[in-house]
Amino acid sequence: MIRILRDFTKRIFGQLFRGRKQVKLGLYGPPNSGKTTLANRICKDWLGEELGSASKIPHETREVQVKEAVKIKSKGKELNFNVVDTPGIATKIDYEDFMKHKMKPQDAKKRAKEATRGVIEAIKWLDNVDAVLVVLDATENPYSQVNITIVGNLAARKIPVMVVANKIDLKKAKIKKVEAAFPQYDVVGISAENGKNMEEFYESLFRLVNKR
Amino acid sequence: MITLQFLPYGEIESLSSAQRITKLLELIQQDKVVLLQGRLKPDEEAKLIQETMELISDNFKGMELCTIYPEEKNLQFFKKMRRGMTKFLLGNREGITIIGPSSVVKDIKRDPNKIELFTVAPSLAKSGKTSAKKKRGK
């Protein structure tokens, strides 16, 4: 009897504290897939303020940025998140690519150096997140090794993953191809820039967090 | 001229993860395209990317990496079990990993069933420019 009571109390209090705990939600993906735009969209929707600046030049986010205590509601439920926006993961960084965006050589080299540090930091953060959104540009080929490496590492660490096919407002977007590349994961198509399909995104996010 | 180096799984089998990564990075820094039998573990792939980032300079811009691996999702139970046992006993020898320096390999595009390797034209590779000559393989 005592044991039943003890287990019951433990379960109830465990659920209470679990509910209060802030979920560290990591946003991962290759450069320019729209991670910061999505983080900004989430923060703007629920806090009324943005997290960081987004740009068409790759590696705009070169440090991990965290927005704490983001309360998200969906279908009458509420969850607390720490939104962790990470630099894009790449296997190569060439400062000359930045010069194509009219950057001076010195600035381009500085950006490249910071970008390499950003990739290292993003990978280190894989051990600190509770759930991950893998943000992909739906107009690009989803079978890139960076995507496969990210998803493989998350699977090995048993971290719940949702694949976000971003930029579905663009004509070239192919969400079916993203779904075919990651059949074992929930894939949600959105446009972080104009807020398309965000309701379904939040519902899927709650399902993802409940998998933990 | 492109140098392709085949690396049988036996050559990395007894090495630690750190040693495997060092070996691969040494080869790609010699401008060689490595064809590795099997694949690295996910954490080794991540570590390889991290180490590559540490090495990036004006002369070394990084690498291209691609793994081809047989599909597992439609396998019958016994085939899956046999594959699992083989992996357990002999290591992850299935599939192939292609790794090349970005000064030689401009891009590796993968669709589920084919791989396209785009190389940088040799004259441009020396000057560090990235205009590419396309080379296709399966």
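In what follows, chains carry the letters A, B, and so on, assigned in the order in which the sequence lines appear, proteins first and then strands, with residues in each chain numbered from 1.
- A salt bridge does not link A/Glu50 with A/Lys67: every distance from a Lys NZ or Arg NE/NH1/NH2 to an Asp or Glu carboxylate oxygen is 4.0 Å or more.
- Salt bridge present: A/Glu203 and A/Lys75 bring a charged side-chain N and a carboxylate O closer than 4.0 Å.
- A/Asn141 touches chain B through its side chain: at least one heavy atom from C-beta onward sits under 4.5 Å away, while N, CA, C and O do not.
- Contacts of A/Ala181 with chain B are absent, with no heavy-atom separation under 4.5 Å from either backbone or side chain.
- Side-chain N or O atoms of A/Asn147 include none that pairs as donor or acceptor with a backbone N or O of A/Tyr143 at under 3.5 Å.
- No other option in A/Thr149, A/Val146, A/Leu126 has as many heavy-atom pairs under 4.5 Å with chain B as A/Thr149.
- When heavy atoms are compared at a cutoff of 4.5 Å, A/Lys109 approaches chain B solely by way of its side chain, counted from C-beta outward.
- A salt bridge does not link A/Arg117 to A/Glu121: none of the charged side-chain nitrogens sits closer than 4.0 Å to a carboxylate oxygen.
- Contacts from residues 49-58 of chain B to chain A, taken as heavy-atom pairs separated by less than 4.5 Å, involve B/Ile49, B/Gln50, B/Thr52, B/Met53, B/Glu54, B/Ile56, B/Asp58 in sequence order.
- The pair B/Lys106-B/Glu64 does not count as a salt bridge, with every side-chain nitrogen at least 4.0 angstrom from each carboxylate oxygen.
- Residues satisfying the ring pair (Phe, Tyr, Trp, His ring centres under 6.0 Å) criterion with A/Trp125, sequence neighbours excluded, are absent altogether.
- A salt bridge does not link B/Lys109 with B/Glu116: every distance from a Lys NZ or Arg NE/NH1/NH2 to an Asp or Glu carboxylate oxygen is 4.0 Å or more.
- The backbone N or O of A/Lys24 lies less than 3.5 Å from a partner atom in the side chain of A/Asp130, making a donor-acceptor pair.
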